[in-house]
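A quick write-up on the structure given underneath.
Chain naming here is simple, since letters A, B, ... match the order of the sequence lines and numbering starts at 1 in each.
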Amino acid sequence: GNSVTQMEGPVTLSEEAFLTINCTYTATGYPSLFWYVQYPGEGLQLLLKATKADDKGSNKGFEATYRKETTSFHLEKGSVQVSDSAVYFCALRGSTLGRLYFGRGTQLTVWP
Amino acid sequence: EAGVTQFPSHSVIEKGQTVTLRCDPISGHDNLYWYRRVMGKEIKFLLHFVKESKQDESGMPNNRFLAERTGGTYSTLKVQPAELEDSGVYFCASSQAGPRQETQYFGPGTRLLVL
């Protein structure tokens with residue numbers, strides 16, 4: 001079946017630090033992979049996505065590469081800002097049905 | 001263009017009561033999804049509408065949950081009677097029609113607390 005395992009939080013960093021949030025998946029077929037972000041008091045927003053192996057999704061300085069050989073989709077940012085403080089969710093969409101499978105979410109707090 | 005909206009934003013009810021959540025998808029989006037996040041756990045799929053038809057309801061926890069999408073526009077999710085374990089954040093999402101329906105746009109969620 002389909003599942004997503006995401007790095008446990010919370011993660012606390014200083015501004016300008018490097019960020020990695022690990023995400024691995026189990027899937028049948030050829031899933032699409034996503035990172036969603038939830039800022040305080042708001043809903044989920046799509047941060048980036050990748051639809052096939054070796055694709056790199058990027059947005060707002062965040063990047064993630066779809067690695068089929070390691071079944072991973074780790075989120076990275078070279079220099080985090082206070083405004084990046086949020087909960088980050090890794091998700092996959094299987095090759096057939098439209099539903100998303102989510103990880104547990106990682107709370108990121110960035111201090112000035 | 002308006003995003004996905006949900007109402008109410010918060011609801012506090014007592015065990016045994018009924019609550020109805022509403023979701024208005026982005027105009028023209030045929031696909032509508034309901035998800036739920038129980039405190040500290042992953043966001044779990046509940047069901048998927050294509051227009052007014054239930055495409056996949058395999059995530060509905062039990063028959064106390066009833067979802068409808070009359071006319072293929074907005075959707076309601078009713079919980080009757082509510083139990084303590086129903087507490088959580090209920091998210092609605094919508095996406096366009098098409099073979100891959102790639103991007104789902106989420107609403108802000110309804111925070112439900114059952115006492």
(Q) Any side-chain to backbone donor/acceptor pair from B:Gln104 onto A:Gly98? Under 3.5 Å, distance only. (A)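 Pair found, side chain donor or acceptor close to backbone of A:Gly98.
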Q) Between the side chain of B:Arg37 and the main-chain N/O of A:Arg104, is any donor-acceptor distance below 3.5 Å? A) yes
Same cluster or not: [X] versus [Y], using hydrophobic residues (I, L, V, M, F, W, Y) connected whenever any side-chain heavy atoms lie under 4.5 Å apart?
X	Y	answer
A:Ile21	A:Leu48	yes
A:Leu13	A:Tyr88	yes
B:Leu112	B:Phe91	no
B:Leu47	A:Tyr101	no
B:Ile26	B:Trp34	no

Q. Taking atom CD of B:Glu42 and atom SG of A:Cys90, what is their separation to the nearest 0.5 Å?
A.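 Reported to 0.5 Å precision, the distance equals 12.5 Å.
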(Q) To the nearest 0.5 Å, what is the distance between OH on B:Tyr33 and CZ on A:Arg99? (A) 11.0 Å
**Q.** A:Gln38 versus chain B, the contacting section by heavy-atom distance below 4.5 Å
**A.**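 A:Gln38 touches chain B through side-chain heavy atoms alone.
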**Q.** Structural part of A:Leu46 lying under 4.5 Å from a heavy atom of chain B
**A.**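 Contact with chain B involves the side chain of A:Leu46 alone.
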Q: For residues A:Leu100 and B:Tyr35, report the shortest heavy-atom separation together with the two atoms involved.
A: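 Smallest interatomic distance, heavy atoms only, reads N-OH, 3.0 Å.
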Q | Among A:Gly41, A:Gly9, A:Gly103, residue most engaged with chain B (heavy-atom pairs, under 4.5 Å) | A |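 Looking at each option in turn, the highest pair count goes to A:Gly103.
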Q: Against chain B, work out which of A:Val87, A:Leu44, A:Val4 has the most heavy-atom pairs shorter than 4.5 Å and name it.
A: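 Heavy-atom pairs under 4.5 Å are most numerous for A:Leu44.
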Q | Validation row: B:Phe106, A:Tyr36 side chains within 4.5 angstrom (heavy atoms) | A |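 Yes, side chains in contact.
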Q | 4.5 Å side-chain heavy-atom contact, A:Phe102 and B:Lys41 | A |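 A:Phe102 vs B:Lys41: side chains apart.
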Neighbour count above 12 (heavy atom, 6.0 Å) for [X] [atom1]:
X	atom1	value
A:Glu69	CD	yes
A:Glu16	CD	no
B:Lys51	NZ	no

